[in-house]
There are 2 protein chains.
Amino acid sequence: MGARTDTRQKMLCGAIELLGERGAAGVTVDAVLARSGAPRGSVYHHFPGGRAEIMSESLTLAGDTISALITAAADRGALGVLAGIAEFWTATLLASDFEAGCPVVSVAVGGSPEDHHLQPEVANILHRWHDTLTIAITAEGVAPARAARLATMAIAGVEGAVILCRVDRSTAPLDEVVEELRVLLATAVDN
Amino acid sequence: MGARTDTRQKMLCGAIELLGERGAAGVTVDAVLARSGAPRGSVYHHFPGGRAEIMSESLTLAGDTISALITAAADRGALGVLAGIAEFWTATLLASDFEAGCPVVSVAVGGSPEDHHLQPEVANILHRWHDTLTIAITAEGVAPARAARLATMAIAGVEGAVILCRVDRSTAPLDEVVEELRVLLATAVDN
DNA sequence: GTCTATACGAAGATAGAC
DNA sequence: GTCTATCTTCGTATAGAC
């Protein structure tokens, strides 16, 4: 599997940006081209499956990117993962002037009929995040069942907070949620 | 200010359902008609502003409905509100076979250009929920600043959990999040 | 690999008959 | 109040030139 062309990568990155900013419905072929600056003729050359293939590959790439982030931060323990995710979203929200949201959530929420085939991959991605987080929390000495619940709480809280941040055009909701998650995690570790 | 016609109400309810199930982009005029069984000719009769007016009114109605739910449950204290919200979403998710999500979140996430004018109303709705929750938590003896943070955590957690429930086709994520929110609230009240 | 041109369908909106 | 065209725009996809 040789290196993929630059154009292809640019298109996928553009698609991920659009996914976060405008939701699944906002990822039109034209928008991807405009965003990435890729030439028209490249679409069906690089993605024979058309829009469906662009959606599927960009979703996978987005999921892998954040999975890598979580896994890398796991070295610093459960609190490290939390800090890592918070840093990532704070930077992403600020850099986009609060236009960007989570691309995976966008697909999960915008359940249009033509993007329905992406649901299994969304579930896959979220389960991977959950598993990694659960392991990190368990390593702190929390019982597995409780750790799994805390992992669910953390993912739901952070994803919900990112939505609130966009609406408020402020990183405050994320800061507050992370702070409360830290408190919750601390009490769980002490037991 | 007389009573509004049945057709108008049916269309708005259909629009709210579509908003939760397919996101903002899924609320097309045709889909609203099909869902509500309303006649074609009714669209611009009841909603001179066309789709934009349907979106705006259905969003407001959805926000008010959930606001009323929260306010009503506030009599039972902060835990009562949490229980009330949990019951509502559990019932909604099950009744829709996990197709329905939060209509307000759908608008917040699916930021298409043509629905951009709805952002202020989304912020309004979420702030109303937040204020009501903050008051309920403060009434339990929690300091105002902490109560506001807990309210943010609760809204973010529940909205995030609803997304996870849809993806997993299970109410388990919501149950887990509500359980952890209860724990968090309990420790906050004790201090 | 990239371009233009075009076919096809879906969606919003309007006009005019009933 | 409701219906049937019809117009326009947009989005996906394909064909064929360069």
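The sequence lines fix the lettering, A, B, ..., with proteins before strands; numbering per chain opens at 1. The shown structure was predicted, so the numbers you read here are calculated from the model rather than taken from an experiment.
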Participant: Give every donor-acceptor pair under 3.5 Å between a side-chain atom in residues 77-87 of chain A and any protein atom, sequence neighbours left out.
Facilitator:
none

Participant: Who passes salt bridge (Lys or Arg N to Asp or Glu O under 4.0 Å) against E121(B), sequence neighbours left out?
Facilitator: none

Participant: Kindly say if S42(B) contacts the phosphate of dG1(D), meaning a side-chain N or O under 4.0 Å from OP1 or OP2.
Facilitator: no

Participant: Write down the distance between CD (E114(A)) and C1' (dA11(C)), rounded to a whole number of angstrom.
Facilitator: 13 Å

Participant: Between atom CD in E53(B) and atom C1' in dA13(C), what is the gap in whole Å?
Facilitator: 14 Å

Participant: Write down the distance between CZ (R8(B)) and P (dT2(D)), rounded to a whole number of angstrom.
Facilitator: 13 Å

Participant: Measure the distance from CZ on F47(B) to P on dA13(C) and round it to the nearest whole Å.
Facilitator: 13 Å

Participant: Specify the separation, in whole Å, of atom NE2 of H46(B) and atom C1' of dA13(C).
Facilitator: 17 Å

Participant: May I have the distance from D115(A) (atom CG) to dG11(D) (atom P), rounded to whole angstrom?
Facilitator: 14 Å

Participant: Can you give one letter per nucleotide of nucleotides 13-18 of chain D, going 5' to 3': B for a protein heavy atom under 4.0 Å from the base, S for sugar-phosphate only, - for none?
Facilitator: BB----

Participant: Salt bridge or not for R146(B) and E180(A), using N-O below 4.0 Å?
Facilitator: yes

Participant: Roughly how many Å is it from CE in M11(A) to P in dT2(C), rounded to a whole number?
Facilitator: 10 Å

Participant: Round to the nearest Å and state the distance from H45(A) atom NE2 to dT4(C) atom C1'.
Facilitator: 18 Å

Participant: At a cut-off of 3.5 Å, list every protein nitrogen or oxygen paired with a nitrogen or oxygen from nucleotides 6-8 of chain C, distance to 0.1 Å.
Facilitator:
none

Participant: With no hydrogens and no angle check, is any side-chain donor or acceptor of R8(B) less than 3.5 Å from a backbone partner on H46(B)?
Facilitator: yes

Participant: Hey, is the main chain of E57(B) close enough, under 3.5 Å, to the side chain of T60(B) for a donor-acceptor pair?
Facilitator: no

Participant: Quick one: does any side-chain atom of S36(B) pair with a main-chain N or O of V32(B) as donor and acceptor, under 3.5 Å?
Facilitator: yes

Participant: Please list residues of residues 16-28 of chain A whose heavy atoms come under 4.0 Å from any atom in DNA chain D, ordered by number; otherwise none.
Facilitator: V27(A), T28(A)

Participant: Which hydrophobic side chains are connected to V109(B), either touching it within the sub-4.5 Å cutoff or through other members that do?
Facilitator: V105(A), V109(A), I163(A), V105(B), I163(B)

Participant: Would you mind telling me which of dT12(D), dT2(C), dG1(D) lies closest to the side-chain atoms of D30(A)?
Facilitator: dT12(D)

Participant: Any idea which heavy atoms bring V167(B) and A123(A) closest together, and the distance?
Facilitator: CG1-CA, 3.4 Å

Participant: Ignoring hydrogens and geometry, is there a side-chain-to-backbone donor-acceptor pair from H130(B) to A148(B) under 3.5 Å?
Facilitator: yes

Participant: Between D115(A) and R51(A), is there a salt bridge with N-O shorter than 4.0 Å?
Facilitator: yes

Participant: Using only atom types and a distance under 3.5 Å, with no angle test, would you say the side chain of S106(A) pairs donor to acceptor with the backbone of L19(A)?
Facilitator: yes

